[in-house]
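Presented below is the structure to which this report refers.
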Amino acid sequence: MSFVTLEQKGPVGIITMNRPEALNALNDQVLKDLAEILDQVEANDEILVAIVTGAGRSFVAGADIGQMSGFSAVEGKHFGAYGNSVFLKLENLTKPTIAAVNGFALGGGCELSMACDIRLASEKAKFGQPEVGLGITPGFGGTQRLPRIVGVSNAMELILTAKVIKAEEAQAMGVVSHVYPAEELMDKALELANAIAANAQVAVRQSKAAIRRGMQTDMTTGAAFEAEAFGLCFATEDQKDAMQAFVKKEKLASFKNR
């Protein structure tokens with residue numbers, strides 16, 4: 001049995017963390033299953049956008065403390081490196097990803113959401129990096145992604161106090177873009193995913209890549225990445241079709257994604 005499932009709804013792949021009896025806590029097997037599902041999403045040309053969510057009342061409550069409690073320093077480093085490699089695979093997926101955070105997103109769960117491109121939350125969602133209260137640091141990218149998303153001061157406060165915040169505060173801080181009633185969350189995530197899927201996918205993926213690459217470098221280098229992506233799009237049929245339709249004041253029915 002896989003602890004991570006994949007369901008396809010049209011051009012959208014829904015990735016569900018499916019270990020509800022443990023609040024979807026991340027252990028070696030869950031991370032392995034997630035990595036395999038991400039490979040499936042990447043290889044499936046019919047999936048244009050992926051949504052990541054959790055089964056039950058939790059998104060992901062964190063890494064599996066029961067597994068980690070007996071780790072040596074070497075084992076801890078290995079586990080952190082493996083978790084980071086899986087989350088980097090998620091972050092570097094060529095297709096856009098949306099976290100639909102339905103409940104607890106603590107520790108590794110908060111880190112999982114931050115590896116996605118866009119984050120939406122239920123009113124019931126809670127976020128935090130409580131690791132220092134357990135005698136460890138965030139281990140799956142929290143010390144790196146959180147300050148990039150909310151700024152150094154906010155990240156320092158959240159990580160060093162180990163406090164847990166509600167969805168509204170997470171939105172105010174910039175952790176999530178939107179907060180919805182629980183019963184509307186997946187519909188809103190699907191609506192957003194389908195809006196992305198309706199656009200020219202070469203341009204969508206090049207835009208994502210330029211943003212991701214640019215966030216890791218200086219403005220001059222990032223502008224060069226953008227110029228490369230911009231130029232590449234002019235070699236696509238979608239660019240020619242869309243611009244010709246615009247000039248003719250016509251509406252393009254759909255993109256060929258090539």
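Here the shortest heavy-atom pairing between Gln171 and Ser177 reads NE2-O, 3.2 Å. When all heavy atoms of Asn24 and Ala55 are compared, the pair lying nearest together is ND2-O, 3.0 Å. The two residues Met114 and Gly142 make their nearest non-hydrogen contact at CE-CA, 4.1 Å. Of all the heavy atoms in Leu26 and Phe79, the pair that sits closest is O-CZ, 3.8 Å.
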*Between Thr137 and Glu131, is a side-chain contact (heavy atoms from CB on, under 4.5 Å) present by the stated rule, with each step listed?*
CA-CA 5 Å; Thr137 69; Glu131 287 90 348; 5.7 Å; no
_Go through it in stages, so that I can follow the logic: the residues are Arg19 and Asp64, the test is salt bridge (Lys or Arg N to Asp or Glu O under 4.0 Å), and I'd like the CA-CA distance, side-chain angles, deciding distance and then a yes or no._
CA-CA 11 Å; Arg19 195 188 174 205; Asp64 193 322; 3.0 Å; yes
*Given Phe140 and Leu31, is the side-chain contact (heavy atoms from CB on, under 4.5 Å) satisfied, shown in steps?*
CA-CA 11 Å; Phe140 294 168; Leu31 291 168; 4.1 Å; yes
*asked:* Quick one, Leu34 with Phe3, criterion side-chain contact (heavy atoms from CB on, under 4.5 Å). Give me CA distance, side-chain angles, the key distance, then yes/no.
replied: CA-CA 8 Å; Leu34 176 58; Phe3 288 123; over 6 Å; no
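In Lys9, the NZ atom is not crowded: 12 or fewer heavy atoms of neighbouring residues, nucleotides or ligands sit closer than 6.0 Å. Within a 6.0 Å radius of CZ in Phe71, other residues, nucleotides and ligands contribute more than 12 heavy atoms. Around the CZ atom of Arg57, the shell of radius 6.0 Å holds no more than 12 heavy atoms that belong to other residues, nucleotides or ligands. Within 6.0 Å of CG on Asp45 lie no more than 12 heavy atoms contributed by other residues, nucleotides or ligands. Other residues, nucleotides and ligands place no more than 12 heavy atoms under 6.0 Å from the CD atom of Glu226. When the shell of 6.0 Å around CD of Gln216 is examined, it contains more than 12 heavy atoms from other residues, nucleotides or ligands.
Under the 4.5 Å side-chain heavy-atom criterion for ILVMFWY residues, no single connected hydrophobic cluster contains both Met68 and Leu106.
A donor and an acceptor atom, one from each side chain of Glu7 and Thr16, are nowhere located under 3.5 Å apart. Using modelled atom types and a 3.5 Å distance limit, the side chains of Gln40 and Asn44 yield no donor-acceptor pair.
With respect to Lys95 and Asp117, no salt bridge is recorded, no charged nitrogen being found less than 4.0 Å from a carboxylate O. Using a cutoff of 4.0 Å between basic side-chain nitrogens and carboxylate oxygens, Glu157 and Lys163 are scored as salt-bridged. Under the 4.0 Å criterion applied to side-chain N and carboxylate O atoms, Lys89 and Glu42 are not assigned as salt-bridge partners.
Distance alone, capped at 3.5 Å, is enough to place a donor-acceptor pair between the Asn102 side chain and the Gly56 backbone.
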